[in-house]
Amino acid sequence: MNVLGIETSCDETSVAVVGDGHQVLSNIIYSQSVHKKFGGVVPELASREHIKRIVPIMNEALDEVGMTLDDIDGYAATFGPGLVGALLVGLSMAKSLAWGRNKPFYAVNHLEGHIVANLLAHPDLDDNFLTLLVSGGHTMLIDVKGIGNYTVLGKTLDDAAGEAFDKVAKILGLGYPGGVALDKLAQTGDPEYFRFPRALSGKGRLDFSYSGLKTAVALHVKKLSDEDLASKKADIAASFQEAAVDVLCDKSILALKKTGRELLAISGGVAANSRLRNRMDEVCDKLGIRVVYPPLHLCTDNAAMIAGAGHIHLSRGETSPFNANAVPYQKLV
Ligand code: KG4
Ligand code: ZN
């Protein structure tokens with residue numbers, strides 16, 4: 001079965017085709033650049049960009065694998081969480097194609113898509129593991145007992161980890177979205193320059209909190225002269241990143257111990273972070289835990305993970321109705 005998946009929940013317009021055995025046949029991702037000058041995603045502009053790009057990107061995804069719509073057996077699109085106007089573009093497109101061509105359709109939860117990204121990247125995995133999902137909108141520890149069967153063990157009480165990376169990057173003048181730039185700058189800085197707070201750490205809790213960390217960085221920067229800030233920027237980035245990563249590592253280890261899981265699958269945009277990968281490899285190696293990540297292009301938003309999740313559900317005979325709507329604040333469970 002070949003499934004065409006569409007992702008338009010935020011500022012990536014993406015179309016992919018996934019075949020049997022979690023095989024990604026094509027995965028075209030267009031990251032909208034129109035938002036950069038506004039320092040954040042402008043929802044109205046995101047919807048308009050999706051509308052402009054969706055058909056050419058779908059054609060590119062089909063061309064890349066030498067297919068036409070005649071080769072597609074089912075359609076999937078993200079229905080939430082995300083920006084409502086943006087979600088509606090991909091969702092309407094997938095539903096229209098499925099309805100017009102008399103094929104099944106599945107509405108995919110974006111968060112489940114991020115979980116499935118690791119199955120695409122590591123075909124040897126069965127769907128039983130602990131997941132740390134770290135993105136721009138979510139920070140969650142999830143016990144996965146099969147695709148569709150989730151227990152949320154902990155999540156952020158305020159900002160998401162990726163949001164903290166983006167906000168601190170903005171404070172440091174690194175542009176938007178700043179996660180990648182901050183990661184790069186931090187590689188040249190001293191992670192022990194300043195000890196920023198590790199919220200809710202060491203208390204046996206699996207919930208996260210990132211807004212205090214972002215505020216601590218803002219207050220620290222406020223006290224510095226322009227010259228000091230310029231000379232300490234990399235150290236501040238590295239120290240912030242160390243605090244953010246420390247908490248992600250500590251809580252993942254705690255969740256592994258609580259669940260007895262021996263496999264940790266990390267996904268979402270922040271799973272691309274180089275320090276997180278190094279630290280997590282190190283601590284998991286010591287504990288004899290296998291840790292996996294998707295390749296970078298499957299960490300950040302992409303349609304392959306949506307087509308992959310759709311493929312799993314459609315293969316089970318599960319379909320969504322054609323009146324499935326966009327749900328901006330959709331939860332995982
Ligand atoms: O999964 P994603 O593409 O979108 C959401 O579903 O939210 O995640 C985007 C987030 C942004 O906050 C971005 O700054 C962050 O992932 N990100 C990173 C890195 N690459 C992307 N954060 C830290 N280090 C990175 N290398
Ligand atoms: Zn995402």
Side-chain angles (χ1 to χ4, degrees), residues 5-14 16 27 29-32 35-36 39-41 43 46 77-83 86-87 90 108-118 131-140 142 155-156 159-172 174-187 189 191 208 210 213-214 217 237-238 240-248 265-280 293-306 308-309 328-332:
I6 304 180
E7 158 61 34
T8 61
S9 67
C10 192
D11 57 346
E12 262 86 30
T13 315
S14 182
N27 183 27
I29 305 165
Y30 169 68
S31 292
Q32 302 176 355
H35 310 286
K36 278 196 193 314
V41 178
T78 308
F79 77 100
L83 303 168
L87 287 165
V108 174
N109 185 311
H110 182 83
L111 305 175
E112 179 166 87
H114 277 301
I115 294 170
V116 168
N118 267 310
T131 276
L132 171 68
L133 198 174
V134 264
S135 70
H138 295 83
T139 307
M140 301 169 89
I142 305 153
K155 57 183 187 328
T156 184
D159 291 356
E163 200 176 344
F165 270 89
D166 291 338
K167 285 177 176 167
V168 169
K170 207 167 179 176
I171 292 168
L172 297 178
L174 302 176
Y176 179 87
V180 178
L182 195 146
D183 183 349
K184 200 161 168 231
L185 179 66
Q187 286 167 24
F208 301 84
Y210 276 105
L213 174 57
K214 164 210 68 191
V217 176
F240 154 77
Q241 184 174 262
E242 204 62 11
V245 167
D246 253 358
V247 176
L248 294 175
I266 307 182
S267 61
V270 183
N273 184 265
S274 61
R275 185 67 180 152
L276 175 66
R277 286 179 177 237
N278 290 341
R279 285 282 311 282
M280 212 58 107
Y293 322 82
L296 299 192
H297 68 283
L298 294 181
C299 287
T300 43
D301 288 349
N302 66 88
M305 67 187 198
I306 303 304
Y329 296 103
Q330 179 66 39
K331 292 195 161 108
L332 179 65

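Only heavy atoms go into these numbers, but all of them, side chains included; no hydrogens, no water, no symmetry mates. Counting convention: from 1, in listed order, for ligands and their atoms alike.
- Considering only heavy atoms from C-beta on, Cys10 stays 4.5 Å or farther from His110 through its side chain.
- Under the ring-ring contact (aromatic ring centres under 6.0 Å, His included) criterion, Phe240 pairs with Phe165, sequence neighbours left out.
- In summary, the atoms of ligand 1 found under 4.0 Å from a heavy atom of Asp183, numbered by their order in the structure, are 24 (N), 25 (C), 26 (N).
- Counting only protein N, O or S atoms, 3 lie closer than 2.8 Å to the Zn ion (ligand 2).
- Looking at Gly113, Ala271, Cys10, Gly269 and measuring to atom 21 (C) of ligand 1, the nearest heavy atom belongs to Gly269.
- For the ligand labelled ligand 1, residue His138 lies outside the 4.0 Å heavy-atom shell.
- Every heavy atom of Gln241 sits 4.0 Å or more from the atoms of ligand 1.
- Contacts with ligand 1 closer than 4.0 Å are made by heavy atoms of both the backbone and the side chain of Asn273.
- Shortest contact from atom 22 (N) of ligand 1 to any protein heavy atom: Gly179 CA, 3.6 Å.
- The shortest N/O to N/O separation between Gly137 and ligand 1 falls below 3.5 Å.
- Looking at Asn118 and Ser267, their side chains never bring a donor and an acceptor atom within 3.5 Å of each other.
- In terms of modelled atom types and a separation under 3.5 Å, the side chain of Thr139 and the main chain of Ala161 share a donor-acceptor contact.
- When atom types are taken as modelled, the side chain of Thr8 and the backbone of Gly90 share a donor-acceptor pair closer than 3.5 angstrom.
- Annotation: side chain of Lys331 is not in contact with side chain of Leu111 (no heavy-atom distance under 4.5 Å).
- In this structure, Leu185 CG and Leu174 CG are separated by 5.5 Å, a value rounded to the nearest 0.5 Å.
- When each of Asp301, Asn109, Asn302, Thr300 is tested with His114 by the rule side-chain hydrogen bond (donor to acceptor under 3.5 Å, both in side chains), just one qualifies, namely Asp301.
- The backbone N or O of Glu163 lies less than 3.5 Å from no partner atom in the side chain of Tyr210, so there is not a single donor-acceptor pair.
- Side-chain contact between Lys36 and Pro177: present, with at least one pair of heavy atoms (C-beta onward) separated by less than 4.5 Å.
- Every atom of ligand 1 is numbered from 1 in the order shown, and the set under 4.0 Å from a heavy atom of Gly136 is 5 (C), 7 (O), 8 (O), 9 (C), 10 (C), 12 (O).
- By the 4.5 Å heavy-atom criterion applied to side chains, Asn273 and Val134 are not counted as neighbours.
- Each of the following atoms of ligand 1 lies closer than 4.0 Å to a heavy atom of His110: 6 (O).
- Scanning all protein heavy atoms for the shortest distance to atom 2 (P) of ligand 1 gives Asp301 OD1, 3.4 Å.
- Listed by number with element, the atoms of ligand 1 under 4.0 Å from a non-hydrogen atom of Asp166 are 11 (C), 12 (O), 13 (C), 14 (O).
- Close N/O approach between Val180 and ligand 1 is not found [any backbone or side-chain N/O within under 3.5 Å].
- Every atom of ligand 1 with a heavy atom of Gly162 under 4.0 Å away is listed here by number and element: 12 (O).
- Under the 4.5 Å side-chain criterion, counting only non-hydrogen atoms from C-beta, Ser9 is not in contact with Gln330.
- Between atom NZ of residue Lys214 and atom NZ of residue Lys167 there is a gap of 4.0 Å, rounded to the nearest 0.5 Å.
- Using a 4.0 Å cut-off to heavy atoms of His114, the atoms of ligand 1 that qualify are 1 (O), 6 (O).
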